[in-house]
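Comments concern the structure below.
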Amino acid sequence: MTEAGPAQTYEQRVQAIQLANQPILDGFETWLRQSGLSEPTIRDHIDNIRFFSRYLLVYAYSLRRLDEATEGAVYDFLEDWFPRKALWASVSSMKVYLASFKKFFTWMGATGLVSPEIVEDVLSTLKDGRNFFLRKVTEEFP
């Protein structure tokens, strides 16, 4: 048997995290459907959180699952990465991301996937940083 190289190990970790994230996304989607949101709104929230999961996995160099996301990761994504890297970044898309994160972390807290402290920290960041995040996306695309 040969030993796995760093690239193979990395790819295996990425794949394992993607597999671990899927039931989280599925659970969130079920919860959104039960809350009576429209299909396009559900799709937006799921797509936003799936995009954030890719950020956590690949771009933040963290190899984290969604249930390992921190307030700092949410802040970094909204403050820097999303406004600079997402071609569709705009004030309206930022507002939808803020709503998606609020719903997602509220759901994760209610299901016990993250601690109440993480939920409180994220919700506080979303509320306190709202105008700042909207300004950041405006500065990136005046």
Side-chain angles (χ1 to χ4, degrees), residues 1-35 37-141:
M1 182 184 269
T2 61
E3 195 172 309
Q8 186 179 9
T9 303
Y10 174 81
E11 288 300 320
Q12 290 169 336
R13 287 181 67 199
V14 166
Q15 189 173 30
I17 292 169
Q18 287 172 327
L19 288 171
N21 280 341
Q22 193 54 55
I24 296 170
L25 290 167
D26 292 344
F28 181 51
E29 184 172 358
T30 298
W31 181 76
L32 291 171
R33 286 188 195 295
Q34 291 170 347
S35 70
L37 295 174
S38 71
E39 202 56 40
T41 300
I42 292 168
R43 200 53 26 228
D44 285 346
H45 289 316
I46 295 299
D47 289 347
N48 288 349
I49 299 304
R50 182 175 287 116
F51 189 63
F52 176 65
S53 76
R54 289 187 190 118
Y55 164 78
L56 283 177
L57 188 58
V58 179
Y59 299 102
Y61 306 107
S62 65
L63 288 175
R64 286 191 196 155
R65 296 186 319 259
L66 282 167
D67 58 348
E68 297 172 324
T70 63
E71 174 275 334
V74 171
Y75 181 90
D76 291 345
F77 177 84
L78 293 172
E79 186 272 335
D80 178 58
W81 199 83
F82 178 70
R84 283 188 313 108
K85 298 292 186 176
L87 296 176
W88 61 94
S90 66
V91 169
S92 62
S93 65
M94 179 63 82
K95 287 179 180 178
V96 176
Y97 266 92
L98 293 168
S100 295
F101 278 119
K102 182 177 179 183
K103 288 184 180 309
F104 183 64
F105 277 89
T106 298
W107 171 78
M108 284 211 306
T111 58
L113 288 171
V114 297
S115 71
E117 293 79 24
I118 294 219
V119 175
E120 184 181 328
D121 289 347
V122 169
L123 295 181
S124 176
T125 293
L126 295 174
K127 181 181 177 190
D128 297 343
R130 178 181 175 81
N131 290 334
F132 175 70
F133 298 139
L134 294 173
R135 239 185 353 268
K136 285 296 284 189
V137 80
T138 305
E139 291 168 4
E140 205 59 45
F141 298 99

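All residue numbers in this chain count up from 1 along the given sequence.
For Phe51 and Trp81, the gap between ring centers is short of 6.0 Å. The ring of Phe101 has its center closer than 6.0 angstrom to the ring center of Phe77. Between Tyr75 and Phe133, the ring centre distance stays below 6.0 Å.
The main-chain N or O of Asp26 is found under 3.5 Å from a side-chain atom of Thr30 such that the two form a donor-acceptor pair. Remark: the backbone N or O of Arg50 is paired with a side-chain donor or acceptor of Ser53 at under 3.5 angstrom. Using a distance-only test at 3.5 Å, with no hydrogens or angles considered, a donor-acceptor pair links the side chain of Thr138 to the main chain of Leu134.
Using a 4.5 Å heavy-atom cutoff, the side chains of Ile42 and Ser38 are not in contact.
Ring geometry, Phe28 versus Phe104: the interplanar angle exceeds 60°, so the pair is classed perpendicular (tilted spans 30 to 60°).
Arg135 has no carboxylate O lying under 4.0 Å from a charged side-chain N of Glu79, or vice versa, which leaves the two without a salt bridge.
More than 12 non-hydrogen atoms from other residues, nucleotides or ligands lie less than 6.0 angstrom from CD of Gln22. Gln15 CD: 12 or fewer foreign heavy atoms inside a 6.0 Å radius.
Interatomic distance, Lys103 NZ to Leu126 CG, rounded to the nearest 0.5 Å: 12.5 Å.
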N/O donor-acceptor pairs under 3.5 Å from side chains in residues 66-73, not counting sequence neighbours:
from	atom 1	to	atom 2	distance (Å)
Asp67	OD1	Arg65	NE	2.9
Asp67	OD1	Arg65	NH2	3.4
Asp67	OD2	Arg65	NH2	3.4
Glu68	OE1	Arg65	N	2.8
Glu68	OE2	Arg65	NH1	3.3
Thr70	OG1	Arg64	NH1	3.4
Thr70	OG1	Gly72	N	3.4
Thr70	OG1	Ala73	N	3.1
Glu71	OE2	Thr125	OG1	2.7

